[in-house]
Number of protein chains: 2
Amino acid sequence: MVSIKDIARIAGVSPSTISRVVNQKKYVKPEIRERVLAVVKETGYVPNNAARSMVLKRTFTVGIVIPDTFNMFQRQLFSTIEHSLEEYGYRTLFFFVKWEEESETRCLRRIQAEKLDGIIMIHEVIHPEFYAYLAKGSVPVVLCTFDRDELALHSIHIDEESAARMATNYLIGLGHTRIGLISGMHFSFGAQRANGYRSALKEAGIRIDENRIVFVPSYSTEDGRAGMLTLLSRLTPISAVFAATDELAIGALRALYESGLRVPQDVSVVGIDDIDIAAYLAPGLTTIRQPIRDMGKRAAEIMAQLIAKSDIDDELSTFGFELVVRESSGTPNAKQIGAQDLPDRASRIEKRS
Amino acid sequence: MVSIKDIARIAGVSPSTISRVVNQKKYVKPEIRERVLAVVKETGYVPNNAARSMVLKRTFTVGIVIPDTFNMFQRQLFSTIEHSLEEYGYRTLFFFVKWEEESETRCLRRIQAEKLDGIIMIHEVIHPEFYAYLAKGSVPVVLCTFDRDELALHSIHIDEESAARMATNYLIGLGHTRIGLISGMHFSFGAQRANGYRSALKEAGIRIDENRIVFVPSYSTEDGRAGMLTLLSRLTPISAVFAATDELAIGALRALYESGLRVPQDVSVVGIDDIDIAAYLAPGLTTIRQPIRDMGKRAAEIMAQLIAKSDIDDELSTFGFELVVRESSGTPNAKQIGAQDLPDRASRIEKRS
DNA sequence: GTGAAAGCGCTAACAC
DNA sequence: GTGTTAGCGCTTTCAC
């Protein structure tokens with residue numbers, strides 16, 4: 001492996017000069033700069049990151065902690081973050097963690113060994129030790145798509161409860177009163193979105209029937225399917241279902257299909273997130289869109305500022321969302337209509353921020 | 001940041017001893033070992049990776065080059081690889097690259113700066129310089145889900161052409177003769193799968209009609225939709241469509257839905273890959289399943305062996321695949337049946353390896 | 001068994 | 001403008 005010394009020797013100058021050239025510092029005579037650059041090109045020299053970060057005491061690396069089974073929403077989020085971070089000059093190291101203490105502990109060890117410049121959490125963890133480390137302030141942290149008030153960390157998210165309320169209110173506005181809920185047991189948004197559902201019903205004066213509510217262990221499509229099947233098996237009539245995430249909603253759609261029920265004629269389905277595939281389902285999924293790209297960019301921006309000056313310019317962290325109406329929702333007992341009569345995809349968008 | 005010297009000072013021994021304890025070397029008196037371990041635990045000392053890899057001249061890092069817009073198939077693949085690699089003691093660094101020279105060049109620079117122990121390509125690249133670097137042999141490489149005969153690199157993949165032939169033959173066996181093809185322009189599998197389609201038709205004595213074939217720029221769902229719409233607009237009758245990937249198939253399903261056509265009564269759709277969501281679509285997608293997990297594990301295994309002894313134990317690299325029949329396919333002009341009459345998901349699986 | 005010392009590739013004072 | 005030097009945190013001979 002060719003090192004800075006080799007270049008120095010070949011170019012007939014000192015290593016410091018090479019360093020100055022490579023790092024675009026001034027105080028190098030143009031002609032020497034040219035000569036060095038030529039040697040660099042010729043030898044294919046690329047500086048060794050490990051050595052650099054060792055002396056600089058910076059790794060130019062931010063870690064992203066993300067669930068092992070990250071869903072499509074998180075996948076879009078982390079792509080955006082990765083890109084933005086790269087623009088700021090940081091590379092990204094992913095930590096896929098399972099929903100279990102042992103995995104988190106290992107992840108924490110690894111994080112510490114990496115001497116990261118920053119950590120972005122796209123995942124809530126269980127282990128208190130993990131949060132204790134984050135709260136210690138030894139490294140900049142931003143929480144993405146969730147918050148922990150007690151930790152006073154920077155956080156990017158939407159108002160989960162309001163989003164769920166908007167989804168539920170939309171269904172109520174369509175005339176539905178027998179509305180089911182499928183949500184997950186883990187992560188705070190599961191409970192927050194369930195609360196939004198409850199408060200929307202309450203405000204509308206609709207009795208909350210626990211038979212119409214099911215909490216599943218994960219946010220997988222399979223669990224969405226299982227949740228819907230459970231709801232169906234309870235024989236409490238339902239004309240619409242609010243699923244706490246799009247993936248859950250996709251599973252619900254599948255369960256309805258397997259049960260021979262039509263969407264939206266027999267049952268309307270609404271999700272949250274607006275993952276890419278939502279628009280390509282048949283029927284297209286009505287959902288609440290989170291501004292994924294904006295949120296990802298903002299997370300990277302905050303991180304970059306935190307690293308540069310341990311402070312951020314502006315506190316914007318709660319993002320707006322919007323209802324995207326597609327074909328999976330309609331008025332209760334709507335007469336069957338052919339697909340060709342359906343409104344355009346995302347034809348009706350209702351905003352709020 | 002607590003370093004090995006701090007530990008040495010506190011424990012009253014030399015840094016070398018600490019190193020020996022931490023790296024589980026022998027020649028340390030048990031009582032000293034205990035004492036050191038206690039200090040390590042107490043201080044929360046974690047060795048600095050950068051410093052280690054600097055002296056060891058190994059980074060314990062393998063890079064995974066993957067498309068910027070990786071699809072769900074690739075997503076499952078890289079999760080598996082990441083996990084297996086972790087078990088072998090390697091960490092993973094992702095390089096998301098766009099389908100353009102500039103992005104590849106940047107990626108190559110970054111790869112070189114990282115001094116990786118190995119590289120797994122889940123993505124074909126365009127730039128010849130990139131392949132030149134890989135072929136140079138300065139670092140172990142494994143190609144995953146594609147091959148480049150001229151480079152003599154280790155590679156993991158299925159026989160793409162045979163897989164496509166199996167999909168097409170299945171449709172032919174159902175009685176279809178007017179079979180469309182949607183494939184992509186990039187990546188070798190696009191052409192290989194198209195060849196499989198062609199040779200299946202040829203073998204069955206069915207005339208190949210170029211009007212039933214469309215190549216789209218990417219493998220996105222949107223392009224699958226656009227491709228299907230194009231096929232439909234050509235007015236050449238079609239009773240079935242073979243899409244070169246599941247994501248393309250999902251887009252095709254969507255286009256059919258938008259056009260008011262029923263699947264499979266009016267048009268059957270078959271994909272390749274068996275991504276997770278395929279089973280949860282309505283109708284469920286008939287497809288060819290690639291053994292994603294096995295392939296991912298094997299890629300990690302080969303990589304680990306290559307790093308350890310620059311040689312592998314056994315040449316297994318071409319994997320089998322199987323047809324998974326779901327509800328998106330049926331005989332041409334099948335009479336409409338209710339969803340409740342449909343066969344169980346994946347009820348019929350036809351193997352081949 | 002354990003410690004002293006050298007050195008991995010690089011940057012940043014500090015000389016000149 | 002450029003070179004010399006020290007040192008980042010670690011591992012590994014080589015003494016003892």
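In this text, all values refer to a predicted model and were calculated from it rather than measured experimentally. Order of the sequence lines sets the chain letters (A, B, ...), proteins ahead of strands, with each chain counted from 1.
Nucleic acid contact for Ile32(B): sugar-phosphate only, since backbone atoms but no base atoms lie under 4.0 Å from a heavy atom of the residue.
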Check nucleotides 8-10 of chain C against the protein and report each pair of N or O atoms closer than 3.5 Å, with its distance, or say if there are none.
unit_1, atom_1, unit_2, atom_2, d
dC8(C), O3', Lys57(B), NZ, 2.7
dG9(C), OP1, Lys57(B), NZ, 2.8
dG9(C), N2, Ala51(A), O, 3.4
dC10(C), OP1, Tyr45(A), OH, 2.7
dC10(C), OP1, Asn48(A), N, 3.0
dC10(C), OP2, Ile4(A), N, 2.4

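A sub-4.0 Å separation between OP1 or OP2 of dG1(C) and a side-chain N or O of Lys25(B) is absent. Between Ser14(B) and dA4(C), a side-chain N or O to OP1/OP2 separation shorter than 4.0 Å is absent.
Side chains of Asp311(A) and Gln305(A): a donor-acceptor N/O pair is absent below 3.5 angstrom, by distance only. A donor and an acceptor atom, one from each side chain of Arg58(A) and Ser53(A), are nowhere located under 3.5 Å apart.
Put simply, CD1 on Ile7(A) is 12 Å from P on dT11(C), counting in whole angstrom units. In this structure, the CZ atom of Arg58(B) is 18 Å from the P atom of dC10(D), given to the nearest Å.
In summary, of the residues considered (Phe94(B), Phe189(B), Phe187(B)), a ring pair (Phe, Tyr, Trp, His ring centres under 6.0 Å) with His123(B) occurs for Phe187(B) alone.
Both tests pass for Arg75(B) against the ring of Phe70(A): distance under 6.0 Å to the centre and angle within 45° of the axis.
Under 4.0 Å is where a charged nitrogen must lie from a carboxylate oxygen, and between Lys297(A) and Asp294(A) no such pair does.
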Under 3.5 Å donor-acceptor pairs involving side-chain atoms of residues 129-137 of chain B, not counting sequence neighbours:
unit_1, atom_1, unit_2, atom_2, d
Glu129(B), OE1, His127(B), NE2, 3.2
Glu129(B), OE2, Arg109(B), NH2, 3.4
Tyr131(B), OH, Val125(B), N, 3.1

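Residue-to-nucleotide contacts include no donor-acceptor pair under 3.5 Å from the side chain of Ser16(B) to the base of dT11(D). A donor and an acceptor atom sit less than 3.5 Å apart, one in the side chain of Arg20(A) and one in the base of dG3(D).
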